Amino acid sequence: MKEFNFPEIEKKWQKFWEEKKLFKAPVSPKNKMYVLGMFPYPSGDLHMGHARNYTITDVLARYFRMKGYDVLHPFGWDAFGLPAENAAITRNIHPKEWTFKNIEESREDIKKMGISYDWSREIFTCKPGYYKWTQWIFLLLYRKGLAYRKKAYVNFCPSCQTVLANEQIVEGRCERCDTPVTKKNLEQWFFRITKYADRLLEDMKYLEGKWPKQVLDMQRNWIGRSEGTKIIFKLKEKDINLPVFTTRIDTIYGVTFLVIAPEHELMDEIIKLSPERDKLIKYREKTLMKSEIERTREERKKEGIFTGLYAVHPLTEERIPLFTADYVLAHYGTGIVMGVPGHDQRDFEFAKMYNLPIKIVIQKNGEPKNVDSMDGAMEEYGVMVNSGEFTGLSSEEGIKKLNEYLREKNLGGYAVSYKIRDWLISRQRYWGAPIPMVHCEKCGIVPVPEKDLPVLLPEVVDYLPKGKSPLASSEEFINTICPECKVKAKRDPDTMDTFVDSSWYFLRYVDPQNDEEIFDKTLVNKWLPVDYYIGGIEHATGHLIYARFIHKVLYDEGLVNTPEPFERLFTQGMVLRRTDEGNVEMMSKRAGNAVRIRDFVKERGADIARVYTLFAGPPDQDFEWTDEGVKGAERFLLRVKRIFNENIEIFINITDKPPAPRTEKEKALIKKCYKTLKKVTEDIENFRFNTAVASMMEFLNNLYVFEDKKSGIFAHCLYIFIKLLSPFAPHLAEEIWSWRNEGSILTANWPSVFEEFLKEEKVIIPVQINGKIRGQIEINIDADEKEVIEIAKQNKNVSKYLNEKNIKKVHYVRGKIISFVVSD
RNA sequence: GCCGGAGUGGCGGAAUGGCAGACGCGGCGGAUUCAAAAUCCGCUGGGAGUUAAUCCCGUGAGGGUUCAAGUCCCUCCUCCGGCACCA
């Protein structure tokens, strides 16, 4: 008997692995496998919610290593970000210090889970050696015209005192602190992701079937490509173009008003021309004061103001009143919409409110709608009526013809609009990568030359948020010399959105120490794409779009040669747990329901946590952590321990060659063994860890009830079993394997399936009569239909239903089922 | 409103269109024990039937396709996620 407890052996083997550097990936792989979990923000205490993600990649990494792959399984820290600054403010500790303290603690926790990372490649986005290249990417985008500055109304969080990207707003509130977001008119840096919108959509063809459908759908929605028409109206009072985007150009003859967004860039001009100047200014101010939530809440009441100006209808030359209203979005389409109250519900509501005329120009089933009795717009496609020369065309034909017509007349034509907006990357915060730009009074905006990178973040700064960048008040930082004209100039005071940091880190892992270039191109192209990428679904429309975008920019630059960075994506579910109040919530420090890695590992062990996490349910679904569930996993591992302990001798003496089975029971056991091997293998590769564990449990149960414990077959089964278990419970497997004295189980081979043991000779199949199961028969697997029918007829219960009946049809599915259709 | 996903025992969950409920938890019975815990073995969807053979019912509801439906199709209900005045 070898006595040991889990926490003890876990420490021992973790030390062993680290000393022998068993997880180190080769610099240049022959047979590569890149397994990656999304790197975390180092927030301190790690719990089982975090552990789940790491365990999943670890099973894959360990499995593929045993399969003979060169596995890259790295880890790092998404270490820039707001929480560090907030901690700094509340606890008077430098963000850098706070961050690294957290990293130290978190790293210890992760090591305690026995995750097989190559720590020599650890990445910290907040270190100059890393952010130098984040800045380099910024310069690359600038050079390519993909980074630009513009003055715009941007989302602003009054609590975080910084601007936010679209993706960082959840239901009108700041993703971080839940404060309602307001607007500010500021000049900021943007990345031109909209230029890549079509490619981000188009290249999803490479991801189809390999990424969760849900993520692809979410990205498709987020990008929101919509085909339609641009049509130019002219202002009557002055030669100003009022471009409109519409998907329903077939309703063009039904336009009775135009509406422009209050914050539209043309509004300054319109206000100047308008007789209603004061009212307009006031309305615009009022709109901008409102938060996004207020603006959408007000039960979608369509309120607006007549500008006193008119536009000219490009086809009928009618006079069309121009309104401004906040239901029109400045950032979508052209920021101006044509009002067609007859055929658009929103326009209908607006028209009713301001008593504007309603025109019917589309008709269905030959019945013209009665305008006076309408209680809503008729939005369906139909036949165009009252539409000049286009009358009589179907909506589809009309759209086609009108697009051609408008193009010819230079009044617009076919156009595409997207929901996705350019990526606002400036942040008025301290703890981030400085934007490597210089503002010179003479030369304007000048990029920092590459040789001067990194633009270092100063250590001493008053980082209390004041609505402007903390860096602006750092004399040592902000004052510089213009790289062009060499006179005094100012640095850009903003730092980059942390999503920029995380949009390329997977490339840096390949060559993390490189100081000469962002990475060695040859090496990156050997390792990329990431074969398995695992993380939470919450990154579907943020990180995962940004990373795809930046990767494509690098692709266009010839730095990487795969169009997509992540071959296969898997989104794992959350770990929930009951709180003291009795609610089942996501595990978190704040909710007080976290099971901390360090506590659990100390008391029960990492292997138990790992097996439980994997067994509890499908890995893409949430699961509730319960003590009962833990017990199941613990019992399983204790049973493993015992069966090996009770059969040490036979286990350490068996070779990897399966002996020939002699008895029926041996035959059955060896079949079970290789069936389990096959199932576990397939399950790992398809993210079905729960059923993989279940099949191992089943196999173990078979081993327990198998009587002849001296049998060579039994011993061989133990040998296979422990290998199968090793990616799931690596410490226990390593301990048991060590009894055999043949080195680490990590270097042992994953067994191959001996198909000969899987062959069935006789099988038991059900017999169905008129759709109901009436008995079971044993047949030879090769038996033909005739034989099977004969055997079926001999079955007592079956014959009861077949005798004196007319067999109308027989369906025999080889080795599966036989089905009779009979009548009286 | 739009786009997804999911509804299966007391619970977590299994089932390439082919014997629904694998595996685990819980429960019941037995073994072990002075006793308990732990452990081991067996049973465990509901109903009828003798504790049998066997039969009936059963995967959110209702229809359909099929020899055969948890699985495919249609309609609907509920829950979850994402987007949301996107012109």
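On a predicted model such as this, the values are computed, not experimentally measured, just so you know. Sequence lines set the chain letters: A, B, ... in the order given, protein chains first and strands last, and positions in each chain run from 1.
- Nucleotide B/G9 carries a syn base; the chi torsion (O4'-C1'-N9-C4 or O4'-C1'-N1-C2) is within 90° of 0.
- Side-chain to base pairing of A/E698 with B/C23: no donor and acceptor N or O lie closer than 3.5 Å to each other.
- Taking atom P on both nucleotides, B/A53 is separated from B/U59 by 25 Å, rounded to a whole Å.
- For the pair A/I537 CD1 and B/G81 P, the interatomic distance rounds to 12 Å; values are reported in whole Å.
- Judged as a ring pair (Phe, Tyr, Trp, His ring centres under 6.0 Å), the pairs with a partner in residues 326-349 of chain A (not counting sequence neighbours) are, in order, A/Y327-A/F350.
- A gap of 26 Å separates the C1' atoms of B/C72 and B/G9, to the nearest Å.
- The CD1-P distance, from A/I420 to B/A84, rounds to 12 Å in whole Å.
- Straight-line distance from the CG atom of A/D627 to the P atom of B/G26: 11 Å, rounded to whole Å.
- Spacing of P atoms, B/A22 relative to B/U16, comes out at 15 Å, to the nearest Å.
- Checked by distance alone, A/Q214 brings no side-chain donor or acceptor within 3.5 Å of a matching partner on the base of B/G82.
- At distances below 3.5 Å, at least one donor-acceptor pair connects side-chain atoms of A/N53 with backbone N or O atoms of A/I534.
- Proximity of A/V244 to A/K230: side-chain heavy atoms (C-beta onward) are nowhere separated by under 4.5 Å.
- Relative to the six-membered ring of A/F6, A/R604 misses at least one condition, a distance below 6.0 Å or an angle of at most 45° to the axis.
- In this structure, the nucleotide among B/A87, B/C85, B/C25 sitting nearest to the side chain of A/E628 is B/C25.
- On the P atoms, B/A14 is 9 Å away from B/G7, given to the nearest whole Å.
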- Query: With the sugar-phosphate defined as primed atoms, P, OP1 and OP2, and the base as all remaining atoms, what B/S/- string results for nucleotides 36-43 of chain B, 5' to 3', for protein heavy atoms under 4.0 Å?
  - Reply: ---SSS--
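- In the region residues 808-821 of chain A, proximity to RNA chain B at under 4.0 angstrom, judged on heavy atoms, holds for A/K809, A/H811, A/V813, A/K816, A/I817, A/S819, A/V821.
- The base of B/C83 does not come close enough to the side chain of A/K419 for any donor and acceptor atom to sit less than 3.5 Å apart.
- Nucleic acid contact for A/Q776: base, since at least one base atom lies under 4.0 Å from a heavy atom of the residue.
- Rounded to whole Å, atom P of B/A87 lies 16 Å from atom CD1 of A/I252.
- Here the two rings, on A/Y283 and A/F323, have centers that are 6.0 Å apart or farther.
- Contact detail for A/R52 and A/P619: the closest heavy-atom pair is NH2-CA, 3.4 Å.
- B/A20 and B/G58 have their P atoms separated by 12 Å, given to the nearest Å.
- Between A/F728 atom CZ and B/C23 atom P the separation is 18 Å, expressed in whole Å.
- Within the structure, every pair that satisfies the salt bridge (charged side-chain N to carboxylate O under 4.0 Å, His left out) test and touches residues 770-786 of chain A, not counting sequence neighbours, is listed here: A/D782-A/R814.
- Following rounding to the nearest Å, A/W222 (CH2) and B/G4 (P) show an atom-to-atom distance of 18 Å.
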For residues 249-267 of chain A, which side-chain N or O atoms pair as donor and acceptor with protein atoms under 3.5 Å away, sequence neighbours left out?
{"unit_1": "A/D250", "atom_1": "OD1", "unit_2": "A/R248", "atom_2": "NE", "d": "3.0"}
{"unit_1": "A/D250", "atom_1": "OD2", "unit_2": "A/R248", "atom_2": "NE", "d": "3.4"}
{"unit_1": "A/D250", "atom_1": "OD2", "unit_2": "A/R248", "atom_2": "NH2", "d": "2.9"}
{"unit_1": "A/D250", "atom_1": "OD2", "unit_2": "A/S395", "atom_2": "OG", "d": "2.9"}
{"unit_1": "A/T251", "atom_1": "OG1", "unit_2": "A/R248", "atom_2": "O", "d": "2.7"}
{"unit_1": "A/T256", "atom_1": "OG1", "unit_2": "A/P357", "atom_2": "O", "d": "3.0"}
{"unit_1": "A/E263", "atom_1": "OE2", "unit_2": "A/R295", "atom_2": "NH1", "d": "3.2"}
{"unit_1": "A/H264", "atom_1": "ND1", "unit_2": "A/L266", "atom_2": "N", "d": "3.0"}
{"unit_1": "A/H264", "atom_1": "NE2", "unit_2": "A/T334", "atom_2": "O", "d": "2.8"}

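- A donor-acceptor distance shorter than 3.5 angstrom exists from the side chain of A/N686 to the backbone of A/E682, with no hydrogens or angles considered.
- In this structure A/R284 satisfies the salt bridge (Lys or Arg N to Asp or Glu O under 4.0 Å) test together with A/D268, sequence neighbours excluded.
- Positionally, the nearest nucleotide of RNA chain B for A/I769 lies more toward the 5' end than for the other of A/I769 and A/M338.
- Not counting sequence neighbours, the partners of A/N166 by the side chain to side chain donor-acceptor pair (under 3.5 Å) test are A/R421.
- Residue A/V328 is classed as a base contact, given a heavy-atom separation below 4.0 Å to a base.
- Of the charged side-chain nitrogens involved, none lies within less than 4.0 Å of a carboxylate oxygen, so that A/E624 and A/R577 do not count as a salt-bridged pair.
- Using modelled atom types, one side-chain atom of A/N795 and one backbone atom of A/Q776 make a donor-acceptor pair closer than 3.5 Å.
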- Strand RNA chain B in bracket notation, Watson-Crick/G-U under 3.5 Å with | for pairs to another chain: (((((((..(((.....[....)))((((((.......))))))((((.....))))..(((((..]....))))))))))))....
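- With both ends at atom C1', the span from B/C23 to B/U8 equals 15 Å, rounded to whole Å.
- One atom, CD1 of A/I608, and another, P of B/C25, lie 13 Å apart when rounded to the nearest Å.
- Side-chain atoms of A/T229 and A/N403 form a donor-acceptor pair, as typed in the model, at a separation below 3.5 Å.
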Would you list the protein and nucleotides 10-14 of chain B atom pairs, both N or O, that sit under 3.5 Å from each other?
{"unit_1": "B/G12", "atom_1": "O2'", "unit_2": "A/A616", "atom_2": "O", "d": "3.0"}
{"unit_1": "B/A14", "atom_1": "OP1", "unit_2": "A/N690", "atom_2": "ND2", "d": "3.0"}

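- Under the salt bridge (Lys or Arg N to Asp or Glu O under 4.0 Å) criterion, A/K183 pairs with A/E292, sequence neighbours left out.
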Pull out every protein N or O sitting under 3.5 Å from an N or O of nucleotides 50-58 of chain B, one pair per line with the distance.
{"unit_1": "B/C55", "atom_1": "OP1", "unit_2": "A/R774", "atom_2": "NH1", "d": "3.1"}
{"unit_1": "B/C55", "atom_1": "OP1", "unit_2": "A/N797", "atom_2": "ND2", "d": "3.3"}
{"unit_1": "B/C55", "atom_1": "OP1", "unit_2": "A/Y801", "atom_2": "OH", "d": "3.1"}
{"unit_1": "B/C56", "atom_1": "OP1", "unit_2": "A/R774", "atom_2": "NH2", "d": "3.2"}
{"unit_1": "B/C56", "atom_1": "OP2", "unit_2": "A/R774", "atom_2": "NH1", "d": "3.4"}
{"unit_1": "B/C57", "atom_1": "OP2", "unit_2": "A/K772", "atom_2": "NZ", "d": "3.3"}

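- Rounded to whole angstrom, the span from the CZ atom of A/F636 across to the P atom of B/C23 amounts to 13 Å.
- Picking from B/A15, B/G24, B/C85 the nucleotide with the shortest atom distance to the side chain of A/M697 gives B/G24.
- Under the rule for a salt bridge (Lys or Arg N to Asp or Glu O under 4.0 Å), A/K631 has no partner lying at least two apart in sequence or in another chain.
- Nucleotides B/G42 and B/A61, compared at atom P, are 35 Å apart to the nearest Å.
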- Given side-chain hydrogen bond (donor to acceptor under 3.5 Å, both in side chains), test A/T287 with A/D326 step by step and report yes or no. CA-CA 7 Å; A/T287 305; A/D326 67 2; 4.6 Å; no
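- Comparing the C1' positions of B/A84 and B/G13 gives a spacing of 34 Å, expressed to the nearest Å.
- The shortest distance between side-chain heavy atoms of A/I807 and A/V821 does not fall below 4.5 Å.
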